[in-house]
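Below: one structure, written as structure tokens.
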Amino acid sequence: MRLLWLGVLSRRFQHVPLRDTCRQASRGAKANKAGWEEKVENSVKWRQLEHKGPYFTPAYEPLPDGVHFFYDGKPVKLSVAAEEVATLYGKMLHLECATKEVFQRNFFRDWRKEMTAEERKLITHLDKCDFVEIHKHFMEKTEARRTLPREKKQKLKEEAEKLQQEFGYCILDGHREKIGNFKTEPPGLFRGRGDHPKMGMLKRRVMPEDVVINCSRDSKIPKPPAGHQWKEVRSDNTVMWLAAWMENIQNTFKYIILNPSSKLKGEMDWHKYEVARRLRGVVNKIRAQYQADWKSPEMKKRQLAVALYFIDKLALRTGNEKEEGETADTVGCCSLRVEHVRLHGKADGQEHVVELDFLGKDSIRYNNRVTVEKLVFQNLQHFMEDKDPGDNLFDALTTASLNKHLQSLMEGLTARVFRTYNASVTLQEQLRVLTRAEDSLTSKVLAYNRANRAVAILCNHQRAIPKTFEKSMQKLQQKIETKKAQVTEAQVELEKLKADLRTRGGSKSKSFLRKQQRLLKLEEQLARLHKKATDKEENKQVALGTAKLNYLDPRISIAWCKRFGVPIEKIYHKTQRERFAWAFNRADKDFEF
DNA sequence: TGACCGACTTAGCAGTGTCTTC
DNA sequence: GAAGACACTGCTAAGTCGGTCA
């Protein structure tokens, strides 16, 4: 069915003529009767889409008279355009990225483009520029906002809510749906992750003339701000975006899209997990095949088999090729280089140990030692033979050929499905191992977090250690010590009463029972604090949220909550419950992924 | 066939809001 | 009521992957 639409679906974005575009896939009527599966499959995303267009960042407000920019020690009044960009830099003075040479060079080059000819002649060296007053001004503004009286904060909140109500919702197929990001991105200095060659470049203001609006033909077309017009208005119901523009740093599109709680996003989410569940039925066959292919005489086949093994066993990302010099130097499985792999015939008392050390998505380091099968080890040795450190490990492999191969094994199967599959299977298995029905609620939640953490570690979801970690951990330890002392004290008191009772005889007094209860309560409190400390320590560098939102089939968690009487609020907070609304009536307590 | 493009998902961080503790 | 801790949200960068085009 999908093939029928190939011709209709893809047309180069910038080649579409302005204003008269209409690509309403006519299968909508069929999708009416059909279930989610068919709707997702035939690519029709909506039949009615109406919205107000994006909310634009307010115009630049010039600096007040008392705030100056200095060049070479002298105050300089900048043109509005140059001043606006200077303020973007001034705001970032305290950030680490602003101290980097690449950032400064890129900023200065782009800033000079915004200057008048006179300014350009005068301002020739960044190190002679003084943004300190500008920086102070914005820091004071932030502080003033933070310490605003309650009523003023309330007023701001109401204004934001009004904006949300006006621009933050759309009508999609008769339903009022929340929009995810209804504001255009404000101008700023680009902050890439890791060593990004474009950091510091000026990300320019988005104007209505940059924006393409997507809505249904018969809807109320959003009005551009006064005196402006849209780049284009189109009606394409095979895509999910409401508005789009091209950003000037990487020349890629930015989209206004629906909130994850929307029905359409829910359908896509459900579909993703259904594909992963289908993999369960064929995964053993696929594993058997790639293991057999380790012995293939064809180099390409062996590389594919080893790469797939890594993707399956280590949950590596696919690793598309990237344009050199355009982004930070990061890799995934298919783009691994020889320098990222070390082979140890014997290490840590194990044989055939492979050490992977590379920067992955978002420049997060992946560093792992893993024992592999002898054939994998030998193949890797062979792939690395006569290669330089900078050469590709899998030089006969591309992500396209890998995915093409996977498609031949199961419809809809791509490399990333393995991540979803292995993450969800790990969660389900860990929950089974770690949960005991007789445990307290705290212990059950701790077990869930541990299962969640096992997945986050598998997927290498890391976070920076929170700045306040050491301090708050110390405080927690202090609390534990205090509680321990209280427990000891209560134990001593109770022992005394017990001794009295033995001497005097008779039944337990009210005071005795009270002390006994108190001791029990204190011991419970101490156990809770210990659990909290353990959880905190184990979590300090692991980001649990990413796996929970993107890789773990919510039906597993919902079923677990139902089975063990855990309130769902303990696992998902409000927005997460809204996001996974689709899963609530699709998972009873016996749901199996 | 490979380069490129468009549309989508996945990702970590920082700012804000809310709860807890003193 | 203030301060600090933590939970939550919004933001936007950075991936994946299916498609076209030369």
Side-chain angles (χ1 to χ4, degrees), chain A residues 2-3 5-16 43 45 95 142 145-147 150 153 156-157 160 164 168 180-186 188 190-194 196 198-199 203 212 214 236 238-241 244 246-247 249-255 257-260 265 268-269 272 317-323 326-328 330-335 360-364 398-404 406-407 412-417 419-420 423 456 459-464 466-469 471-473 475-476 479 532 536 543 545-547 549-551 572-576:
Chain A
R2 210 176 166 139
L3 287 171
W5 290 96
L6 292 184
V8 191
L9 293 184
S10 295
R11 229 151 91 192
R12 299 252 161 155
F13 199 94
Q14 71 275 33
H15 293 159
V16 178
S43 295
K45 303 293 196 312
L95 302 175
T142 308
R145 216 171 29 242
R146 202 180 62 81
T147 52
R150 187 183 288 259
K153 273 191 180 168
L156 286 178
K157 206 175 161 185
Q164 171 78 45
N181 56 329
F182 62 87
K183 294 174 181 172
T184 59
E185 290 170 20
F190 178 74
R191 293 171 69 177
R193 315 236 165 102
H196 202 295
K198 294 191 172 183
M199 64 167 81
K203 198 172 74 164
V212 179
N214 191 28
D236 181 354
T238 66
V239 296
M240 301 204 299
W241 53 266
M246 190 178 267
E247 54 88 31
I249 304 290
Q250 330 243 34
N251 289 328
T252 57
F253 286 104
K254 297 272 184 170
Y255 301 95
I257 53 168
L258 292 167
N259 188 273
K265 282 276 192 185
M268 304 302 281
D269 220 21
K272 175 180 80 182
R317 291 187 189 84
T318 328
N320 281 318
E321 286 227 19
K322 295 164 71 182
E323 211 175 324
E326 290 292 298
T327 59
T330 62
V331 297
C333 185
C334 294
S335 49
K361 183 176 179 182
D362 293 322
S363 294
I364 299 288
T398 65
T399 53
S401 63
L402 176 73
N403 279 332
K404 203 174 161 198
L406 292 174
Q407 288 282 357
L413 183 62
T414 60
R416 78 160 150 206
V417 177
R419 247 165 106 81
T420 313
C459 295
N460 201 38
H461 292 146
Q462 295 186 35
R463 62 167 182 169
K467 283 168 196 145
T468 53
F469 181 82
K471 205 174 147 194
S472 65
M473 200 61 183
K475 277 196 170 180
L476 189 55
K479 269 188 187 175
K532 195 175 170 185
K536 205 178 163 78
T546 309
L549 287 179
N550 300 300
Y551 289 103
Y572 293 130
H573 58 67
K574 188 171 155 276
T575 39
Q576 290 172 338

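Treat the numbers as computed from the prediction; the structure is a model and nothing was measured.
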As a test of reading the structure: which of [options] is closest to the side chain of [X], going by heavy atoms?
| X | options | value |
| --- | --- | --- |
| A/I257 | B/dT9, B/dA7, B/dT10 | B/dT9 |
| A/K254 | C/dT12, C/dA14, B/dT9 | C/dT12 |
| A/K157 | B/dA7, B/dT18, C/dA14 | B/dT18 |
| A/W241 | C/dA14, B/dA7, B/dA11 | B/dA7 |
| A/N320 | C/dC17, B/dA7, B/dT9 | C/dC17 |
| A/A543 | C/dT16, B/dG12, B/dT16 | B/dG12 |
| A/R191 | B/dA14, C/dA14, C/dG15 | B/dA14 |
| A/R416 | C/dT12, B/dA11, C/dT16 | C/dT16 |
| A/K203 | C/dA13, C/dC17, B/dC8 | C/dA13 |
| A/H573 | C/dG18, C/dC8, C/dT12 | C/dC8 |

Worksheet item: Under the 3.5 angstrom rule, does the side chain of A/Q462 hit a backbone N or O of A/A543 as a donor-acceptor pair?
Response: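 Not a single qualifying donor-acceptor pair exists.
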
Worksheet entry | Any donor-acceptor N/O pair, A/K198 side chain to A/F190 backbone, under 3.5 Å | no

Fill in: Pairwise 5' ranking along DNA chain C for A/Q576 and A/E321, keeping only the more 5' one
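Mapping each residue to its closest nucleotide by heavy atoms, the 5'-most match is A/Q576.
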
Fill in: Position toward the 5' end of DNA chain C (nearest nucleotide), A/N181 or A/T327
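Whichever sits nearer the 5' end wins; that is A/N181.
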
Return no unless some side-chain N or O of [X] is found under 4.0 Å from OP1 or OP2 of [N].
| X | N | value |
| --- | --- | --- |
| A/T398 | B/dG2 | no |
| A/T546 | B/dT10 | no |
| A/R317 | B/dA11 | yes |
| A/Y551 | B/dT9 | no |
| A/T142 | B/dG15 | no |
| A/H461 | B/dA11 | yes |

Whole-Å distance separating the [atom1] atom of [X] from the [atom2] atom of [N]:
| X | N | atom1 | atom2 | answer |
| --- | --- | --- | --- | --- |
| A/R419 | C/dA14 | CZ | C1' | 13 Å |
| A/M199 | C/dA14 | CE | C1' | 14 Å |
| A/Y255 | C/dC11 | OH | P | 19 Å |
| A/F253 | C/dT12 | CZ | P | 18 Å |
| A/N550 | B/dT9 | CG | P | 10 Å |
| A/K198 | C/dA13 | NZ | C1' | 13 Å |
| A/R193 | B/dC13 | CZ | C1' | 7 Å |
| A/K153 | B/dG17 | NZ | P | 7 Å |

Looking for any heavy atom pair under 4.0 Å, which part of the strands does [X] touch: base, sugar-phosphate only, or nothing?
| X | result |
| --- | --- |
| A/Q250 | sugar-phosphate |
| A/P186 | sugar-phosphate |
| A/A464 | sugar-phosphate |
| A/K536 | sugar-phosphate |
| A/T252 | nothing |
| A/Q407 | sugar-phosphate |
| A/G319 | sugar-phosphate |
| A/A328 | nothing |

Check [X] against [Y] and note the closest heavy-atom contact, atom names and distance.
| X | Y | result |
| --- | --- | --- |
| A/Q407 | A/T414 | NE2-CG2, 4.0 Å |
| A/V417 | A/G412 | CG2-O, 4.0 Å |
| A/G192 | A/M199 | N-CB, 4.4 Å |

Worksheet item: Going by atom types alone, do A/S335 and A/E321 pair a side-chain donor with an acceptor below 3.5 Å?
Response: no

Worksheet entry | Residue whose nearest DNA chain B nucleotide is more 5′ - A/N251 or A/K265 |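 Per heavy-atom nearest nucleotide, the more 5' residue is A/N251.
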
Worksheet item: Is there a donor on the side chain of A/K361 or the base of B/dT10 sitting less than 3.5 Å from an acceptor on the other?
Response: yes

Worksheet item: When the ring planes of A/Y255 and A/W241 are compared, do they come out parallel, tilted or perpendicular, using 30° and 60° as the limits?
Response: tilted

Worksheet item: Heavy-atom count around A/K404 NZ within 6.0 Å, excluding the residue itself: above 12?
Response: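 Counting other residues, nucleotides and ligands, NZ of A/K404 stays at 12 neighbours or fewer.
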
